[in-house]
Chemist: 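A single structure is presented below for examination.
As a basis for the values below, the full set of heavy atoms in this structure was taken, side chains included, without hydrogen atoms, waters or symmetry mates. Atoms within each ligand, like the ligands themselves, are counted from 1 in listed order.
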Amino acid sequence: MNYRHAFHAGNHADVLKHVVLLGLVEALKRKDTPFFVLDTHAGRGQYLLQGEQSDKTGEARGGIFRLFVLHGLPAMVQDYLKRVQADNPVGALVSYPGSPLLVAQAMRPQDRLVACELQPDEARALDQLFKHDRRVGVMARDGYGAIKALLPPKEKRGLVLIDPPYEAQEAEFDLILAALAEGLSRWPTGIFAVWYPIKQRRTLLPFLRKAAKLPCKSAFIAEVLVRPDDSPLRLNGSGMLVINPPFRLDQDLTPALPVLARLMGEGGADSKLQWLKQEAG
Ligand code: SAM
């Protein structure tokens with residue numbers, strides 16, 4: 001099989017990111033007309049969670065493993081679990097689908113995905129994964145640059161997911177804000193979703209303040225903290241900034257977030273959905 005171990009795949013942050021991502025795709029499917037998705041930092045598309053090194057997948061044990069077999073969860077969480085279960089047909093959780101695979105499996109024949117991945121091995125694996133899927137284009141290139149090159153799409157509606165590795169630490173926020181400004185100037189009605197890590201809250205505030213000033217109609221953040229956000233060394237939680245969110249996504253997420261915090265969290269777990277900018281009326 002063409003996937004490999006990844007120590008972060010399926011952790012609490014992936015769960016939040018992918019629940020919100022699938023909620024966005026489902027909202028886009030409410031209309032029959034085609035939509036476009038750009039995944040700027042796509043990864044390899046599929047990750048192995050068990051096997052000879054399964055003791056090293058500790059992070060997923062605090063994430064997807066806590067949810068995988070549960071029933072009766074809020075609809076958005078249940079939809080996400082159905083997608084992950086579909087990738088694990090024998091019932092045991094062995095493989096975890098990354099963002100491009102989740103999107104490709106949820107979208108329809110008329111929809112289109114472009115997935116960008118800079119790291120050559122990851123891009124090769126991604127290319128292999130989608131070699132028979134004509135709806136999906138894989139580009140081994142910088143995802144931020146793709147915003148300039150590919151927007152606006154001919155479909156005129158859709159989504160950009162920005163999920164960088166934050167190797168540039170806080171400087172990544174400046175790259176993201178510049179990419180969002182560029183993206184919104186080219187495609188003002190596009191939906192833009194940005195995943196961000198939460199270590200210490202105060203380091204996030206300038207980013208969120210600047211995001212609230214972007215020229216968009218509306219924006220909210222959805223966050224899940226698995227422990228208090230006061231340690232700079234650990235991934236205490238994460239958030240998704242959603243710009244131009246589809247109608248009702250906030251209402252659908254509201255019951256899901258506290259359940260995710262409770263199921264994946266320790267003491268001090270918390271969640272919130274907060275509007276940064278809301279359309280009048
Ligand atoms: N979005 C994926 C998912 O949800 O399954 C996970 C992506 S992972 C957090 C970030 C990926 O971005 C890594 O695979 C890394 O190689 C890739 N990457 C780093 N810098 C990049 C860039 N400038 N453009 C595109 N990909 C990049």
Chemist: On the 0 to 90° scale, with breaks at 30° and 60°, tag the His18-Tyr80 ring pair as parallel, tilted or perpendicular.
Modeler: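 If you compare the ring of His18 with that of Tyr80, the planes turn out tilted.
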
Chemist: Identify the protein atoms, limited to N or O, that lie within less than 3.5 Å of an N or O atom of ligand 1, and list each pair with its distance to 0.1 Å.
Modeler:
| unit_1 | atom_1 | unit_2 | atom_2 | d |
| --- | --- | --- | --- | --- |
| ligand 1 | 1 (N) | His41 | O | 2.8 |
| ligand 1 | 1 (N) | Ser99 | OG | 2.9 |
| ligand 1 | 1 (N) | Asp163 | OD2 | 2.7 |
| ligand 1 | 4 (O) | His18 | NE2 | 2.8 |
| ligand 1 | 4 (O) | Ser99 | OG | 3.2 |
| ligand 1 | 4 (O) | Asp163 | OD2 | 3.3 |
| ligand 1 | 5 (O) | Ser99 | N | 2.8 |
| ligand 1 | 14 (O) | Glu117 | OE1 | 2.8 |
| ligand 1 | 14 (O) | Glu117 | OE2 | 3.3 |
| ligand 1 | 16 (O) | Glu117 | OE2 | 2.6 |
| ligand 1 | 23 (N) | Asp142 | OD1 | 2.7 |
| ligand 1 | 24 (N) | Gly143 | N | 2.8 |
| ligand 1 | 26 (N) | Leu118 | N | 3.2 |

Chemist: Taking side chain to side chain donor-acceptor pair (under 3.5 Å) as the test, write out the residues that go with Glu223, two or more places apart.
Modeler: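 Scan of Glu223 (side chain to side chain donor-acceptor pair (under 3.5 Å), adjacent residues dropped) gives Tyr196, Arg201.
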
Chemist: For Lys156, does the NZ atom sit with more than 12 other heavy atoms under 6.0 Å from it, leaving out its own atoms?
Modeler: no

Chemist: Determine which pairs satisfy salt bridge (charged side-chain N to carboxylate O under 4.0 Å, His left out) with at least one residue from residues 125-139, sequence neighbours left out, and list them in order.
Modeler: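 Listed by first then second residue: Asp133-Arg135.
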
Chemist: Which pairs count as ring-ring contact (aromatic ring centres under 6.0 Å, His included) when at least one residue sits in residues 154-186, sequence neighbours excluded?
Modeler: Tyr166-Phe173, Tyr166-Trp195, Phe173-Phe207

Chemist: If you define the side chain from C-beta out and look only at heavy atoms, does anything of His12 sit under 4.5 Å from Val224?
Modeler: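 No, side chains not in contact.
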
